[in-house]
Amino acid sequence: MIKQLSKSIREYKLPSILSIVFVAIEVVLEVFLPMLCSDLINFLQGSEGGIHYFTIIGINTGITRSAIGADSIGLIFAYAGILIGMAGLSLTFGMLSGKMCAKASAGFAKNLRKDLYYKIQDFSFENIDSFSTSSLVTRLTTDVTNVQNAYMMIIRIAIRSPLMFVAALIMAFTKNWFLALIFLAAALVLLGAMALVPKRALPIFRRVFRKYDNMNMRIQENVRAARVVKAFERENYEIKKFDEAATEVKSDFTKAETILALSNPIVYFIMFLLVLTTSTLSTVFIVNEQHGISVIGGAIQVGDFAALIQYAIMILMSMIMLVMVLVMITMAIESASRINKVLTTKSTLVSPENGVKEVSDGSIEFDGVDFSYAGDDSKCALTGVDLKIKSGEVIGILGGTGSSKTTLVQLIPRLYDATVGTVKVGGKDVREYDLESLRKNIAMVLQKNVLFSGTIKENIRWGKPDATDEEIVEACKLAQADEFISAMPDGYDTYIEQGGTNVSGGQRQRLCIARALIANPKIIIFDDSTSAVDTKTDALIRKAMQESLPDATKIIIAQRVSSVENSDRIIILDGGKIVAVGSHDELMKTCEIYREAYSVQNKSDKEDE
């Protein structure tokens, strides 16, 4: 998992390394400050006469108190200058480390989101179904943020903390090895207690992120279906559902945060206990030494006592920082696992090496095709499909709800792969084609008409990125969309809101048809894509399409018999099986399902008249 995620660091390796280097220098400078203060205090507290030693950046200088005399103030100022200089350098390197850390972590998160997004673009419908849209959104947002925060902690605090611990402990040993051992024992006890935190909290975080997905799904559903919710006055019901989901998230987070919150009181209790112990023992040792009694760990002076207190605090503060890192990593482990699952998931649909780039014609063949969404042969949506469609034919598909009409046509551009059998386009198995080349030659107008935020021109150019304005206008004329577009104040530069909410359902359908026609494909599939337009407009679209793209194979899924009755052949689906194939006249004689649908719809039309 770490190896996979680290691939997203890329160009931010240098800032990451610099952050570590700068924080190491900051720690070294910081741990020398108590040592300098200790030497100065010991010197000033020394007796008259004799030589006393104080250390300036590791260099011992012998000076007698009597030799300094009135110049002792100058010595203090010299020390003060050195201390201020070192503190300033420590602050500077700390700021540089923070800057590099912020740059590295933000860049890592950017790359991680980009890698996730690119990976999702390569997913098949089957992959997306297995994760769910709301879960993928959570991984791109909340999970990436958690991993970003953990990475920021790792390259700064997680480096600073152990370095500070080791350096402060070494310095403490130079002052008094006995007290330093007490510091070490306290730190080990604290680490042992903190090791229990992730063990208890991790299962809760694992559960809470699944509930996050559920909460996001509620939000997504409600926003998308806002008009339906208001039309049925179900606001209170939706609020209740969201409140339940949010309460579940809150409940689990409260449990996890409670466990994590206990760590700080434990750390501070041990820190204050350690400071109290150090103060007491140091006082006893200093008094004993003044009375000529030997002390454990070597002689202690007043300056050493002050330094030991500082090192004790440094050691315990490094433990507190380590706990912070532990908390963040505990939260991020599940997020990292969820991200890693997406990055390591292989698409169930991939282009073969050296795949076929050219689609010779629009012929289609289904040979013994079974298909199951679950990959289970016993639960097939399509069973025993054998079908041959000539290039340039107009094929209609009729069938009741759940008869797998959409499933059938989704196998042609290889949105899904057949579970059993083969689907051929242009005489070749669709699995032999380069996916991009195959799909460029197959245009689909889906059952759910989707427009993206942007101008009408930008939406139409999804079908052909380099399309000229003249080509866009021509495609819209074929789709019977030019008239209502021209009536808009900004014409083809009219801005389409997200989801196409500022145009009607029929207008959305015609814009989507224009987007498909402009690609000039070899196969065009209309998945019930004229249901929101009137029969006259539907007929005009089919006529214009036949005249402008006579060689393209056209597959029309429709609920209205009138939309397909002029097709060369009509396929009747029932229960995932092809039960009849023929022209309108042939089916009227041989297919009860078709005859009944035609009779019912014609009767309704006459009643409407």
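For CE of Met95, the number of neighbouring non-hydrogen atoms (other residues, nucleotides, ligands) closer than 6.0 Å is 12 at most. More than 12 heavy atoms of other residues, nucleotides or ligands sit less than 6.0 Å from atom CG of Asp490. Heavy-atom neighbours of Tyr117 OH from other residues, nucleotides or ligands within 6.0 Å: at or below the threshold of 12.
Summarising the geometry of Ile397 relative to Leu408, their closest heavy-atom pair is CD1-CD2, 3.9 Å, with the distance given to 0.1 Å. Nearest heavy atom pair, residue Val369 against residue Ala418, reads CG1-CB, 3.9 Å. Minimum interatomic distance between Ser437 and Val356 (heavy atoms only, all atoms of both residues): CB-O, 4.1 Å. Closest non-hydrogen pair, Ser335 versus Asn146, comes out as OG-ND2, 3.1 Å. In terms of heavy atoms, Ser404 sits closest to Leu382 at CB-CD2, 3.6 Å. When all heavy atoms are compared, the tightest approach of Ile315 to Ala168 is CG1-CB, 3.8 Å.
Using a 4.5 Å heavy-atom cutoff, the side chains of Lys114 and Ser8 are not in contact. At least one side-chain heavy atom of Phe366 sits under 4.5 Å from a side-chain heavy atom of Ile364. Two residues are said to be in side-chain contact when any heavy atoms from C-beta on lie closer than 4.5 Å; Ile442 and Lys522 fail this criterion. A 4.5 Å side-chain heavy-atom check between Met488 and Val503 finds at least one atom pair inside the cut-off. Side chains of Leu349 and Asp417 form a contact here, defined as non-hydrogen atoms less than 4.5 Å apart. Under the 4.5 Å side-chain criterion, counting only non-hydrogen atoms from C-beta, Tyr433 is in contact with Val359. Here the side chains of Thr553 and Asp361 are not in contact, with every heavy-atom distance at 4.5 Å or above. Between Leu451 and Arg515 the shortest side-chain heavy-atom distance falls below 4.5 Å.
Using a 4.0 Å cut-off between charged nitrogen and carboxylate oxygen, Lys424 and Asp429 do not count as a salt-bridge pair. The residues Glu432 and Arg414 are annotated as not salt-bridged, no charged nitrogen and carboxylate oxygen being separated by less than 4.0 angstrom. No salt bridge links Arg113 with Asp143; every basic N to acidic carboxylate O contact stays at or beyond 4.0 Å. Looking at Lys440 and Glu436, a side-chain N of the basic residue comes within less than 4.0 Å of a carboxylate O on the acidic one, giving a salt bridge. Salt-bridge annotation for Glu11 and Lys103: absent, with no side-chain N of the basic residue lying under 4.0 Å from a carboxylate O of the acidic one.
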- Item | Trace of the side chain to side chain contact (heavy atoms under 4.5 Å, CB included) decision for Ile389 with Glu365 | CA-CA 6 Å; Ile389 299 172; Glu365 181 180 349; over 6 Å; no
Q. Which is it for Arg439 and Asp434 under the salt bridge (Lys or Arg N to Asp or Glu O under 4.0 Å) test, yes or no, and what are the steps along the way?
A. CA-CA 9 Å; Arg439 291 174 182 171; Asp434 172 74; over 6 Å; no
For a side chain to side chain contact (heavy atoms under 4.5 Å, CB included) check, start with the C-alpha distance between Thr145 and Thr141, then their side-chain angles and the critical distance, and finish with the verdict.
CA-CA 6 Å; Thr145 300; Thr141 52; 5.7 Å; no
* salt bridge (Lys or Arg N to Asp or Glu O under 4.0 Å) between Glu358 and Lys428, worked out -> CA-CA 10 Å; Glu358 188 69 31; Lys428 295 184 182 297; over 6 Å; no
Begin with the C-alpha distance, continue with both residues' side-chain angles, and end with the deciding distance and a verdict on side chain to side chain contact (heavy atoms under 4.5 Å, CB included) for Arg160 and Met321.
CA-CA 8 Å; Arg160 176 186 171 83; Met321 289 189 288; 3.7 Å; yes
(request) Would you please test Ser504 and Arg508 for side-chain hydrogen bond (donor to acceptor under 3.5 Å, both in side chains) and show each step? (result) CA-CA 6 Å; Ser504 70; Arg508 274 200 304 273; over 6 Å; no
Apply the test side chain to side chain contact (heavy atoms under 4.5 Å, CB included) to residues Phe108 and Val147: give CA-CA distance (whole Å), side-chain angles for both, the deciding distance (0.1 Å), then the verdict. CA-CA 9 Å; Phe108 171 56; Val147 171; 3.6 Å; yes
- Intermediate values then yes/no, salt bridge (Lys or Arg N to Asp or Glu O under 4.0 Å), Asp469 and Lys457: CA-CA 8 Å; Asp469 289 353; Lys457 284 181 182 178; 3.3 Å; yes
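Note on ring orientation: taking the six-membered ring where Trp is involved, the planes of Tyr373 and Tyr416 are perpendicular (angle over 60°, cut-offs 30° and 60°). Using cut-offs of 30° and 60° on the angle between ring planes, the pair Phe123 and Phe131 is parallel.
Atom CD1 in Ile456 sits 7.0 Å away from atom SG in Cys476 (nearest 0.5 Å). Rounded to the nearest 0.5 angstrom, Met1 CE and Gln4 CD are separated by 11.0 Å. The CG atom of Asn340 sits 10.0 Å away from the CG atom of Leu116 when rounded to the nearest 0.5 Å. In this structure, Met545 CE and Ile524 CD1 are separated by 6.0 Å, a value rounded to the nearest 0.5 Å. From Asp115, atom CG reaches atom NZ of Lys110 across 10.0 Å, with rounding to the nearest 0.5 Å. The line from CG of Leu549 to CG of Asn520 is 5.5 Å long, rounded to the nearest 0.5 Å.
Judged by distance alone, the side chain of Ser105 and the main-chain N or O of Ala102 form a donor-acceptor pair under 3.5 Å. The main-chain N or O of Thr344 is never found under 3.5 Å from a side-chain atom of Lys346 such that the two would form a donor-acceptor pair. Under a 3.5 Å cut-off, the side chain of Thr468 and the backbone N or O of Glu471 do form a donor-acceptor pair. Under the 3.5 Å distance criterion, the side-chain polar atoms of Ser337 are left unmatched by any main-chain donor or acceptor of Ile333. Using a distance-only test at 3.5 Å, with no hydrogens or angles considered, no donor-acceptor pair links the side chain of Ser97 to the main chain of Phe22. Counting only distance, with no hydrogens or angles, the side chain of Ser161 and the backbone of Ser318 share a donor-acceptor pair below 3.5 Å. With hydrogens and angles ignored, the 3.5 Å screen pairs no side-chain donor or acceptor of Thr383 with any backbone N or O of Gly576. The main-chain N or O of Asp243 is found under 3.5 Å from a side-chain atom of Thr247 such that the two form a donor-acceptor pair. Of the possible donor and acceptor atoms, none in the side chain of Ser19 sits under 3.5 Å from a partner among the backbone N and O of Pro15. Side-chain atoms of Asn502 come within 3.5 Å of backbone atoms of Tyr495 as a donor-acceptor pair (strictly under, hydrogens ignored).
Ser372 and Thr419 share no side-chain donor-acceptor pair at under 3.5 Å. Between the side chains of Asp527 and Thr406, at least one donor N or O lies within less than 3.5 Å of an accepting N or O. With no hydrogens or angles considered, no side-chain donor-acceptor pair links Asn127 and Ser130 at under 3.5 Å. A donor and an acceptor atom, one from each side chain of Tyr151 and Ser16, are located under 3.5 Å apart.
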